[in-house]
Amino acid sequence: MLKATLRSFLAHKGRLALSALAVVLSVAFVAGSLIFSDTVARTFDRLFASTSADVTIVPKEDLKSRAPSGAVRTVPAALRDRVAKVDGVAAAHADVSVPYVVVVDRHDRSVGPTSGAPTIATSWYVTRRSPVKLTSGHAPRGAGEALLDADTAGKRHVRIGDTLRVQARPGTFPVRVVGIATFTTTNPGSALVFLDPAVAGRELLGSADRATGISVDAAPGVTDRELKRRVGEAIGPGPYDLKTADERAESAAADLGGFLDVVKWVMLGFAGIAVLVGVFLIVNTFSMLIAQRTRELGLLRALGADRRQVRRSVLTEAVLLGVTGSTLGLAAGIGLAFGLIRLMGTFGMNLKATEMVIGWGTPVAAYAVGVGVTFVAAYLPARRAAGVSPMAALADAEVAGVGKPLKARAITGTLVGAVGAAALAGCAAASRTGSAASLLGLGVVLTLVATVIAGPLLVRPVIRVLGGAFPALFGPVGRMSQRNALRNPRRTGATAAALMVGLALVGGMSVASASMSASFDRQIDKTLGADFTVQNANFMPFTGEITDRVRGTEGVRLVVRQRFAPVAVRLPDGRRVTTTAAGYDDRLDQVAHVTYVTYAAGNTAAALADGGLGMDAAFARDHGVRLGSAVTVGFPGGRTARMTVGALTDQDGSGGFGSQGGLFLGIAAVEKYVPGGQDAALYVDKAPGTGADALRARLERTLKPYPQVQVRDQADYKKLVHDQIAVLLYLVYALLGLAIVIAVLGVVNTLALSVVERTREIGLLRAIGLGRRQLRRMIRLESVVIAVFGAVLGLGLGLVWGVCVQRVLALQGMTALAIPWGTIVAVVVGSAVVGIVAALLPALRASRMNVLAAIAHE
């Protein structure tokens, strides 16, 4: 049996190659994601471990926020002198390091990276742990001199002697580049500007008495933990965090982990789609191969092979296919990881491909996925093979699935579909986001499973409609193509299911993204009343100079600032919610249309007054807050304030007034409790008699020296939102592309095996006068109707999912439902094209058959 199995596998290796390709793709994404994330993690672990001081003293970070306030937390620079006297300290340095400064050249062009990585201005001193070394020029001496890292200098064509402008919170100051520093470790993608330590505090923080941290080097024989203990005892309790080199590296790696998780899960999403679609391909391939080998399997049974041996033979073939596909997939995964490493290099993160990490878990995961998927997918066909009777050796091989009842599928599919539909209905009716999302996930899985199970039941009614015009348009050839698609519903359903999965995903996400865009458009129209908005390109805060420049621009009537602050609110129900509050100037009502609940008498003035606070009505209701309630609000650095809720808003979600809870307050309170913050946005109204185009041109001229900020009107703001949503949609389209590639392989495989199966039939058709061109057209039409059938099922399912996703989004304030009919029509047309492409090779092969050999084929 083993010899027979190996010979059978080698005899059908061409037919199994397409199925192996599906395994290769899924394994490649799994292996590539693991290798890439492990390589990045290992590289940065080494970077953090090699560049962190033995002990670092930094301000205690008690509140984090996704919307930064622009304030830089500091420690007294004099703390360095106290630490230097501690027994066991070899050296101590006062660090000044400020991220997200802006550096521009004499042409007002930004010198920083365009990939989203920060530009960091820091003090220059050299230790054994320095990540850079001076390679040309000299160190900065006094005010007006700076070093620039070599990578940034090369990309931005900056040379020694060039003059740059550094925009920091205290103000803009010029520097002359006097030297170039080259990274000795991995360049994380940031731009680095180094200043003389004697002036860094004054230029970057506004005071020479402040520092962003103290770096401490241990004397020989003193461990990091022991040094941390001694320094902690010496400086006493205070708003400081002391971290050893390992702890700081661990903390930095945890911050990096968010980025790595995104990359890993995106790639594993690709792998999941490849696995799911590949299952249908493998099931179909093995089912058809077994159908074509019915006489062969019957002969084996007649010669004494029992059911167990036959089943084991088929599963052995599946394992061989899985091992082959996994091996090739692992190699492809290494190539994919190499490509990702090179891609990151174009964004400034210079990883070394020679240091690629392939942990033991990567090949284990690769073979587990490849072999496991293939084995599971082949199990049902293997059981079917074991049921072949010895008498089948005496009969003509029949096509598996033809004429067999679909009663079991109908019952199972109906039951599963009913539960899935109930879950989706529950999702649409839910009032809480968490429960709605859970029901949505359950409903999506169950309705997908139900559609796959019941797909063959839908083949005859749907394909009769889709191919109804074929006889009239193409005559007997059209009628035969339609009947070929109908003759085996199981096979047609399984082939179409591969395409259906990808199109259901793109249909659902297209509806969700279109609804999000429409909701944001409606929200912008409803709430934004300003003529223009001035914001940073990456939504980071900007210096006060920009606000002053905008206010001084001719034709500006009003400027309302927006500033963010991380807060922790203690609510009446006992919960402590960490979120972000937005601060605004008093005349907010003149640039925004704030909607308040009808049952409360609050207003903007009460919310922005000293000691006042605005809050989203739904959030307030969930936590027992009423108009006039007093809540305790915590700010960074341990500052707290007792604030009174002066307004309850109904902005369809946060409405732009912060994040969870929609909290907003007067900007004076933000300046009081979060000193040193910077503005995140400016809302600008034009003066009477000033045209919008004229004011925009003046603002753009005013802000030319500040390339990080842009002037946007409502149309620009909508486009910005649409572009951000489009990033998610592009990911979905990439997943769709992968699913289509595998689905095309499935259609090619099915048609190729179907041509082999119908060799004698094709020979007879050719003998009675069917031309080569007519034969090719018949196979192409069969492929098109199968592909469009999969598209109709997938898009129908996707539309239902998309509507349910929109109901979940509505609980977050995105209430508009939009269906992108143009995308849906394009996908259906594209599916027909996919069907034509998939049929090219099988049709060509069929048309080249020798007529007499085909008639004699058994």
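For Ser517 (side chain) and Ser513 (main-chain N/O), a donor-acceptor pair under 3.5 Å exists by modelled atom type. With Asp162 contributing its side chain and Val177 its backbone, the two residues share no donor-acceptor pair below 3.5 Å. Formation of a donor-acceptor pair under 3.5 Å by the Arg73 side chain with backbone atoms of Lys60 is found in this model. No donor-acceptor pair closer than 3.5 Å links the side chain of Arg106 to the backbone N or O of Leu164. A donor-acceptor distance shorter than 3.5 angstrom exists from the side chain of Thr135 to the backbone of Ile180, with no hydrogens or angles considered. Looking only at distances, a side-chain donor or acceptor of Thr122 sits under 3.5 Å from a matching main-chain atom of Val96. Between the side chain of Gln523 and the main chain of Ser519, no donor-acceptor pair closer than 3.5 Å is present. Arg698 contributes a side-chain N or O that, together with a main-chain N or O of Glu554, makes up a donor-acceptor pair within less than 3.5 Å. Remark: side-chain polar atoms of Arg639 are not paired, donor with acceptor, to backbone N or O of Val674 under 3.5 angstrom. With Asp531 contributing its side chain and Lys686 its backbone, the two residues share a donor-acceptor pair below 3.5 Å.
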- Task: Please assess Glu700 against Lys704 for the test salt bridge (Lys or Arg N to Asp or Glu O under 4.0 Å), listing each intermediate value before the final yes or no.
- Result: CA-CA 6 Å; Glu700 288 175 345; Lys704 189 174 183 296; over 6 Å; no
- Item | Derivation of the side-chain contact (heavy atoms from CB on, under 4.5 Å) call for Val569 and Phe619 | CA-CA 12 Å; Val569 187; Phe619 179 81; 5.9 Å; no
- Begin from the C-alpha positions of Thr580 and Val567 and carry the test side-chain contact (heavy atoms from CB on, under 4.5 Å) through to its verdict. CA-CA 6 Å; Thr580 301; Val567 297; over 6 Å; no
- Message: Applying side-chain contact (heavy atoms from CB on, under 4.5 Å) to Asp105 and Arg156, what does each step give before you reach the verdict?
- Response: CA-CA 9 Å; Asp105 61 17; Arg156 300 300 179 183; over 6 Å; no
- Stepwise salt bridge (Lys or Arg N to Asp or Glu O under 4.0 Å) check, Asp108 with Arg165: CA-CA 9 Å; Asp108 295 326; Arg165 296 196 317 277; 3.0 Å; yes
- Might you work through the side-chain contact (heavy atoms from CB on, under 4.5 Å) test for Thr527 and Val594, ending with a clear yes or no? CA-CA 6 Å; Thr527 61; Val594 187; over 6 Å; no
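Side-chain contact, Gln708 with Gln167: a donor N or O sits under 3.5 Å from an acceptor N or O. His722 and Asp521 are linked by a side-chain donor-acceptor pair at a separation below 3.5 angstrom, with hydrogens and angles left out of the test. No side-chain donor from either of Thr212 and Ser97 sits under 3.5 Å from a side-chain acceptor of the other. In the model, Gln678 has no side-chain atom that pairs as donor or acceptor with a side-chain atom of Arg169 under 3.5 Å. Side-chain contact, Asp679 with Thr547: a donor N or O sits under 3.5 Å from an acceptor N or O. No side-chain N or O of Arg176 forms a donor-acceptor pair with one of Thr163 less than 3.5 Å apart. Side-chain atoms of Arg248 and Ser52 include no donor-acceptor pair closer than 3.5 Å. Side chain to side chain, Thr815 and Arg522 meet the donor-acceptor criterion of an N or O pair below 3.5 Å. For the residue pair Tyr125/Asp95, the side-chain donor-acceptor check at 3.5 Å is satisfied. Glu545 and Thr172 share a donor-acceptor pair across their side chains, judged by distance under 3.5 Å alone. Defined by atom type and a distance below 3.5 Å, a donor-acceptor pair is present between the side-chain atoms of Thr604 and Tyr596.
Nearest heavy-atom pair, Ala816 versus Ser515, reported as atom, atom and distance to 0.1 Å: O-CB, 3.2 Å.
Between Asp151 and Lys155 there is no salt bridge, since no side-chain nitrogen of the basic residue lies less than 4.0 Å from a carboxylate oxygen of the acidic one.
Taking the six-membered ring where the residue is Trp, Tyr673 and Phe635 present parallel rings, their angle staying beneath 30° rather than reaching 60°.
With respect to Phe194, the side chain to side chain contact (heavy atoms under 4.5 Å, CB included) criterion is satisfied by exactly one of Leu148, Leu134, Val132: Val132. Under the side chain to side chain donor-acceptor pair (under 3.5 Å) test applied with Asp685, the options Arg587, Gln590, Arg557 reduce to a single match, Arg557.
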